[in-house]
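Each remark here refers to the structure printed beneath this line.
Keep in mind that this is a model prediction, so the values were computed, not measured. Below, chains carry the letters A, B, ... as their sequence lines are ordered, and counting in each starts from 1.
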Amino acid sequence: MALDTVANAAATPDFELPFAQLGLKEDEYAKIREILGRRPTGSELAMYSVMWSEHCSYKSSKVHLKQFGEKAVKSDALLVGIGENAGVVDIGQGYAVTFKAESHNHPSFVEPYQGAATGIGGIVRDILTMGARPIAVMDPLRFGAADAPDTRRVLPGVVAGIGGYGNCLGLPNIGGEIVFDETYAGNPLVNALCVGVMRHEDIKLAQAHGAGNLVVLYGAKTGGDGIGGASILASETFNTAKPTKRPAVQVGDPFAEKVLIECSLEIFAEDLVVGIQDLGAAGISCATTELASAGTGGMNVQLEKVPLRDPSLSPEEILMSESQERMCAIVEPSKLARFMAICKKWDVTATVIGEVTSGDRLHITHNGELIVDVPPRTVAHDGPVLTRPMARPEYLDSLTPTSLAPIESAADIKAAVLKLMSAPNIADKSWVTKQFDHYVQGNTILSQPEDSGMIRIDEKTHLGIAISTDANARWSYLDPYNGVKLALLESCRNIATSGAKPLAITNCLNFGSPEDPGVMWTFAETVRGLADICLEMGLPVTGGNVSFYNQTGKVAILPTPVVGVLGVIEDVRTRSAMSFKEAGLELFQLGNADDNFSGSEWAHLHGQMGDRAPTPDVDHETRLVKVLLAGQKYFAAAHDISNGGLAATLSEMVIKSGIGATISIPGEVVPGGLTGALFAETPGRVVIAVKTDNVAAVERIATDLNIPMHTLGVTGGDALVINGASIPLAELSAAYTETFPRLFG
Amino acid sequence: MPKIIVEVMLKPEILDPQGQAVAAALPRLGFTFAQSVRQGKRFEIEVAGEPTPAMLADAERAAEEFLANTVIESFVVKVEQ
Amino acid sequence: MPKIIVEVMLKPEILDPQGQAVAAALPRLGFTFAQSVRQGKRFEIEVAGEPTPAMLADAERAAEEFLANTVIESFVVKVEQ
Amino acid sequence: MRIGVVTFPGTLDDRDAARAVEYAGAEAISLWHGSDDLKHVDAVVLPGGFSYGDYLRCGAISAKAPIMQSIIVAAEHGFPVLGICNGFQVLAEAHLLPGALTRNADMHFLCTDQKLVIENNKTMWTNGFAVGQEILIPMKNAEGNFNCDDATLHELESEGRVIARYVGANPNGSRAAIAGITNKRGNVVGLMPHPEHAIDLLTGPSEDGLTFFTSILNAMVK
Ligand SMILES: Nc1ncnc2c1ncn2[C@@H]1O[C@H](COP(=O)(O)OP(=O)(O)O)[C@@H](O)[C@H]1O
Ligand SMILES: [Mg+2]
């Protein structure tokens, strides 16, 4: 039996399909039979199995994610919300910005270079699909212990892959994160965020409208990438001939994607598409069912028309293939010639593979034989919804407070600061970021290691956007509900520290197995916390991504909800950076420290976790953002206090500036004494540098908004001097910069 | 003096963007003989004296562990004059 | 089916950072057999049927003009089974 | 004054080069790799990027493009050409400049603010600098390691055709720390770092790069 047609399926109702091997549960298979009124064909089964997978259907997370809709703030800024490839936000002056984060964790563990590279490729296509020109990328990363042998395999490969793909696309990399923790060994996190810009009227949607309109597949040819499951189907069920080996990894072709971007933007500029969808997970299955499901009619597809890189692919495999650098457009017949001409100009293969119909079914034929006949919505949108069992994990009841020796003498201070600054989680990341182009496109105002990445949108009006991504997995471990709130508040603070106003958020929620009730509870608490804090801050959630199963055996990763905040700045020339240009500036801390070391890097360096996350203070953070925005014009430099506490913030500022500072901290003002002031990671704090003439103005703003402002000291000299402990810049800088080259070559 | 040669090629099922780009460029330059092109790496390794079976066994291991990425590449080790 | 093979190597007088990096890494991984390593490219070219002398002549020209940069590289064209 | 900026498939810094041309006060004219029409421009910039994905060798496939055949003929008659980064690689592959750009010595892509010293201000693209002047401009490439044989190096040095050298530690292993060179006539210049990204303090580390673009205006007015 070569081809399992619809007729054949109807005629052989009792034929057993290997649904379990494709990851479908018995009840899910029964549901498919019920929907179709017969057993599915092999091709149909392939489509349902992949579209109903956790990755594509969000079956475990859906019931929780709906809070983002239910609790949503009414926001005029949100032009396109959750549900499309990426959300779109109005930033004024007729511009719309779209941004989204996605994970490519497991593939990056298997083949770090290609996994990370195709992760960038995928998120960039999501942004392009909205009609936008991609303008920047960011990359929040997590790895196992910095000195573990496998980290030495994974990290350099991931970094080279992100650079290799992103640089070749001409997308400035403007920020991200690199954090090491043992739980990520075997489960590195490679999240990628892309942001794009367009005019309001250019927004595109993934919808197939208009009977008679054509379905055009364009971009790379289809190969056997990423079709493990479907190969089982093809080899064990129907095809007697053994199929050729299918690759376990997808290989990216950044040049093909660059050309695809330029080609697509030219097509959009001439308004040649009715709807458009990128091909990512689940390939043609996903693109055709989603387009048809979101549209008004049905669709006919002739599968043999799909251009193949590997002629041995079976229909099931063509439907499943995750070959990169492909797009699917709905084009009116009258515009096809022009569409094809643009593809030809860019040497992009484009093929009409079907048409939109007035019916309500997706029909796929292969050489004239009907192999798929489904209601598209049942594949794309009506997948299973699970209410998984949840239970508060027991570890939460056995957390112990930190116990850390206080630091007093000058020698202690110096040793502690040097130790902190050379720790892999704090140390200079330029070994990594030098491998990324942050200049290309000529609009980068701020990039790593600044608090946020900032891009100029309009050269004449100076309008710009800022983006920051943050996660504090240790706080999420200690308190998932508040941990994610703290991440969002930090992200907002980062945006405001650079001078931009927070506007909207995206997220990428990385967790262990949803089948573990403890993980599921942690996930649910995280979503609840994120939905609540967005409501409190008045920020819409524009979209996001969920990555489950980041775990080895029974050990899950730390819950790692990455939050990305988008901000707007009316005039990028007013932005603040972390480095100061002169001696004699006065340094202040906005906000108070306390004595909670839980989850801090300082505690981590002493092998401790602690017992409680800080309590988010939304009111304080909101006022702090206002101070930062109002005080902007008076700041000579500004830098957020987060990982590593005040000691890290000051060190980073003096190292980047190449100018020292003399700091004096009166121990008694802080409950935690000097150690707390320097190393606790109490949120809601920012260091600012201000010219003496402007101090009064800043004080007035801080007083009006009731934000404490503490004098720290003054810039100058060639050492960082803290309460008499003098750390020469050269020594501090060496401690800070030598770690990554030592670890990674 | 004979050398150890390690040839590393992408596995046939893996996309080879470089080979494709070369194959696409050849006809533009007037060369029509090629039906498809795959691009790989060639390592020429000099050893002290003639390669011994032990050295070849080592080269085999080095190729497996380091010179090739066996997730996506295959390799051949040989001796050439 | 026999293929046309084009091997391209940097000329001996040109510094080869890739080969050097490999040579430096091998001993760190415990491999001591290599005295020096040069890294080059290998093209496997499929043609219609058996490679003819005319095809080989074409391949020779394509290597000279395009596949190798003769300012820094030398090449060999051959047929392999 | 009309300056052409060529776009190959995979070119990335074409809009930035056009912006720099316009900052300098000239009109930027977009040229397409697939056409041999130079549109009556007075000079051409080959911008940075990854044309054809840097596949085969950086610049190798682009050097065979139709537009390059027109540029090669014109350049031999004194037509000014500036190749930046990938553009420099294209010029070397087209044999308008000697030597080759190979893999960086440490094998990594490197994006950094790089100090250069200008060594030749007689070319059409560097006449606005002083000899010995130090400038700071971004560099970003994986294959910027200038390589040539001894005879070529001797010729470049003895004829004063090194236009700029890296200052401080050699960032990529280039022979004699060469960052840029010119042809005998001084109309064709290749430079690995990116002057078009140093025209404005808001987006670059300095404004030093603008002088390359004002230099060509000076050269044409004279
Ligand atoms: N954590 C989340 N928060 C908000 N929206 C989410 C989240 N996870 C997924 N989504 C939304 O669900 C939709 C489907 O996501 P996904 O399948 O990842 O899209 P795509 O296939 O285009 O990458 C998108 O609109 C996405 O933004
Ligand atoms: Mg998508």
Side-chain angles (χ1 to χ4, degrees), chain B residues 1 3-10 12 16 18-68 73-80, chain C residues 1 3-10 12 16 18-68 73-80:
Chain B
M1 193 53 122
K3 292 178 192 150
I4 298 178
I5 306 295
V6 181
E7 293 168 356
V8 178
M9 299 298 294
L10 285 168
D16 174 11
Q18 299 217 63
Q20 276 189 356
V22 171
L26 284 172
R28 289 200 298 270
L29 302 174
F31 297 109
T32 52
F33 63 94
Q35 286 203 317
S36 78
V37 181
R38 307 276 298 170
Q39 178 175 337
K41 297 186 190 123
R42 175 184 160 88
F43 298 92
E44 290 188 2
I45 306 176
E46 281 182 356
V47 299
E50 297 266 332
T52 62
M55 287 174 181
L56 281 170
D58 263 12
E60 195 68 46
R61 274 206 307 125
E64 173 81 35
E65 290 171 24
F66 177 58
L67 297 176
E73 295 169 326
S74 58
F75 63 88
V76 174
V77 177
K78 52 186 168 185
V79 175
E80 248 179 48
Chain C
M1 195 55 123
K3 292 178 191 150
I4 297 179
I5 306 296
V6 180
E7 294 168 355
V8 177
M9 299 299 293
L10 283 168
D16 173 12
Q18 305 199 66
Q20 280 187 351
V22 171
L26 285 173
R28 286 202 299 270
L29 301 172
F31 297 108
T32 53
F33 64 95
Q35 287 202 315
S36 77
V37 180
R38 310 272 301 163
Q39 179 175 337
K41 299 186 185 114
R42 174 183 161 88
F43 300 90
E44 291 188 1
I45 306 175
E46 280 182 357
V47 298
E50 297 266 329
T52 61
M55 287 175 182
L56 281 169
D58 263 11
E60 200 59 56
R61 275 206 306 122
E64 172 82 36
E65 290 172 25
F66 181 58
L67 297 176
E73 295 169 326
S74 58
F75 64 88
V76 174
V77 177
K78 53 186 168 186
V79 175
E80 247 178 49

Nearest-0.5 Å distance that lies between atom CZ in C:Arg38 and atom NZ in B:Lys3: 9.0 Å

So does B:Arg42 pair up with C:Glu73, basic N to acidic O under 4.0 Å? no

Reported CD-to-CG distance for the pair C:Glu44 and B:Asp16, which is rounded to 0.5 angstrom: 10.0 Å

Full working for side chain to side chain contact (heavy atoms under 4.5 Å, CB included) between B:Phe33 and C:Thr52: CA-CA 10 Å; B:Phe33 63 94; C:Thr52 61; over 6 Å; no

Contact winner vs chain C - B:Glu7, B:Gln18, B:Met55, heavy-atom pairs under 4.5 Å: B:Glu7

Exercise: identify the closest heavy-atom pair between B:Phe66 and C:Ala25: CZ-CB, 3.5 Å

What part of C:Glu65 is in contact with chain B, defined as an atom under 4.5 angstrom from a non-hydrogen atom: side chain, backbone, both or neither? side chain

Checking B:Ala59 against chain C: side chain, backbone, both or neither under 4.5 Å from a heavy atom? both

Name the member of C:Ala48, C:Gly19, C:Ala34 that forms the most heavy-atom pairs with chain B at distances under 4.5 Å. C:Ala48

Whatever's closer than 4.5 Å to a heavy atom in chain C on B:Leu29 counts as side chain

Interatomic distance, C:Gln35 atom CD to B:Met1 atom CE [nearest 0.5 angstrom]: 8.5 Å

